[in-house]
Amino acid sequence: MTLYISISSLQTSARPETMHSLRIPSAPGALSKPSQAGFGLVEVMIAMAIGMIGILAMMQAFAVNERYKENTVGSSGAQTNGSIALFTIERDVRMAGYGITNSGALGCSTIQYHYDGAYSDPPGGGAGAPLPTLIMAPVVITQGSGTNPDSLATMSSSNAYRFAPATITSTMPHSSAELNIDDVTGFAENDLVVATQGTSCALMQVTQVQGAALKLQHNPGVSAPYNPAGGGNLLPAFGQGAQLFNLGNPQIRFYAVGSNNLTVQEWRLMLAGGTPTVLVDEIVDLQAEYGVDDGSNGGTAGDGSVDGYTVTTPASAAGWAQVLAIRLAVLARGPYDKPDTSGTCTATTVAPTWAGGNLNIPGGVPSCYRYRVFETLVPIRNMIWRDA
């Protein structure tokens with residue numbers, strides 16, 4: 001049996017409200033589009049301004065911290081440099097004079113000597129370039145001209161077997177290449193010896209020790225550059241009673257300030273054409289004075305105490321016998337401070353001083369550099385313990 005339904009009848013019989021409520025469902029999984037959101041231009045500009053202010057504050061704090069760090073590190077460097085410079089000079093000054101603190105040695109003037117064709121200051125002149133001046137004394141201070149730093153030289157013997165001088169027993173003619181002495185103990189080949197008599201003193205190099213004959217030879221040659229060829233009148237002759245001091249391989253050092261550095265130079269290297277060695281950086285001044293037991297300032301001469309200080313180098317054995325100490329100061333330079341907004345340096349506005357007076361600053365004051373002063377009084381022990 002077949003059932004036929006008329007579509008028109010369904011439409012006619014359907015209630016209006018029922019037809020109005022019919023809805024076509026959405027496709028499965030479909031989502032509605034959300035509304036868009038974010039920062040506006042004003043918000044971005046405010047954030048950038050806050051960030052820039054924060055970066056500026058951090059950079060300012062970093063710059064201030066760097067300046068404090070530079071000052072601290074620079075001051076520490078000046079402290080270290082000044083201490084090393086003072087200690088090094090003090091060590092040599094304290095030990096200076098070993099083997100030469102004798103009235104006979106201190107009584108002679110500038111040492112006459114020869115080296116490889118050159119001469120110090122021989123009588124009547126001589127060929128070759130002049131050699132560095134040597135004075136038979138523990139410490140010799142050379143005052144700097146004007147505001148230039150002082151320099152000083154220290155001398156001591158390296159010989160550990162001959163403390164007392166030998167005595168020349170017979171007159172030595174100018175052409176002689178031998179020395180007759182009372183005792184050859186403690187002398188060896190290649191030792192440097194200084195003969196003294198009155199105000200004359202000359203340096204020679206031992207080439208042979210004749211023990212039985214009590215003679216020292218000082219022949220010229222390639223291995224003996226301190227002995228002039230042919231003898232001649234280049235070095236003085238010494239008579240009976242002259243004294244002979246054995247320096248061995250002498251320790252002679254020259255301290256000076258050059259290009260704002262403390263330099264040191266060994267005498268033998270100087271003769272061979274060497275240049276000064278930079279010992280400590282950023283040392284700009286060196287000042288020194290002799291501490292003398294001369295009875296000044298209400299003291300008593302000869303009592304073994306330093307009575308006063310002088311920059312005058314003694315010219316006699318009696319004057320050298322009064323030198324018991326060296327008072328010295330070094331000036332170390334620290335960090336550089338930038339000038340203020342007006343271009344004026346304010347790091348150092350007053351010249352630094354020490355017990356002996358003012359110290360010299362390169363360029364004067366005011367200065368953009370910071371400075372530290374190191375000073376001390378160094379006893380010359382070999383002068384204090386010298387023979388009577």
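Given the structure is predicted, the values throughout are model-derived calculations rather than measurements. Residue numbers start at 1 and run along the sequence shown.
Among residues at least two apart or in separate chains, ring pair (Phe, Tyr, Trp, His ring centres under 6.0 Å) pairs with a member in residues 339-377 are Y336-Y369. Judged as a salt bridge (Lys or Arg N to Asp or Glu O under 4.0 Å), not a single pair has a partner in residues 186-208 (not counting sequence neighbours).
Between L377 and A325, the shortest heavy-atom contact is CD1-CB, 3.8 Å. Listed here is the closest heavy atom pair of L179 and M204: CD1-SD, 3.9 Å. Scanning both residues, E178 and H218, for their nearest heavy atoms gives N-NE2, 3.5 Å. Nearest heavy-atom pair across M136 and L247 is CE-CD2, 4.2 Å. Listed here is the closest heavy atom pair of P352 and I361: CD-CD1, 3.2 Å. Nearest heavy-atom pair, M172 versus P236, reported as atom, atom and distance to 0.1 Å: CE-O, 4.2 Å.
No donor-acceptor pair under 3.5 Å is formed between the side chain of R333 and the backbone N or O of A78. Counting only distance, with no hydrogens or angles, the side chain of Q287 and the backbone of L359 share no donor-acceptor pair below 3.5 Å. Side-chain atoms of N81 come within 3.5 Å of backbone atoms of D281 as a donor-acceptor pair (strictly under, hydrogens ignored). Without hydrogens or angle criteria, T154 side chain to A96 main chain gives no donor-acceptor distance under 3.5 Å. Formation of a donor-acceptor pair under 3.5 Å by the E90 side chain with backbone atoms of V378 is not found in this model. Between the N159 side chain and the G248 main chain, no donor and acceptor come within less than 3.5 Å of each other.
For the residue pair N261 / T263, no side-chain donor-acceptor distance below 3.5 Å is found, with atom types taken as modelled. The closest side-chain donor-acceptor pair between N180 and S170 falls under 3.5 angstrom.
Contacts of Y290 classified as ring pair (Phe, Tyr, Trp, His ring centres under 6.0 Å), with partners at least two apart in sequence or in another chain: W320.
Separation of the W267 and Y115 ring centroids does not fall under the 6.0 Å cut-off.
Around atom CE of M270, more than 12 heavy atoms belonging to other residues, nucleotides or ligands sit under 6.0 Å away.
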**Report entry** Working for side-chain hydrogen bond (donor to acceptor under 3.5 Å, both in side chains), residues N382 and T101
**Finding:** CA-CA 7 Å; N382 290 291; T101 53; 5.3 Å; no

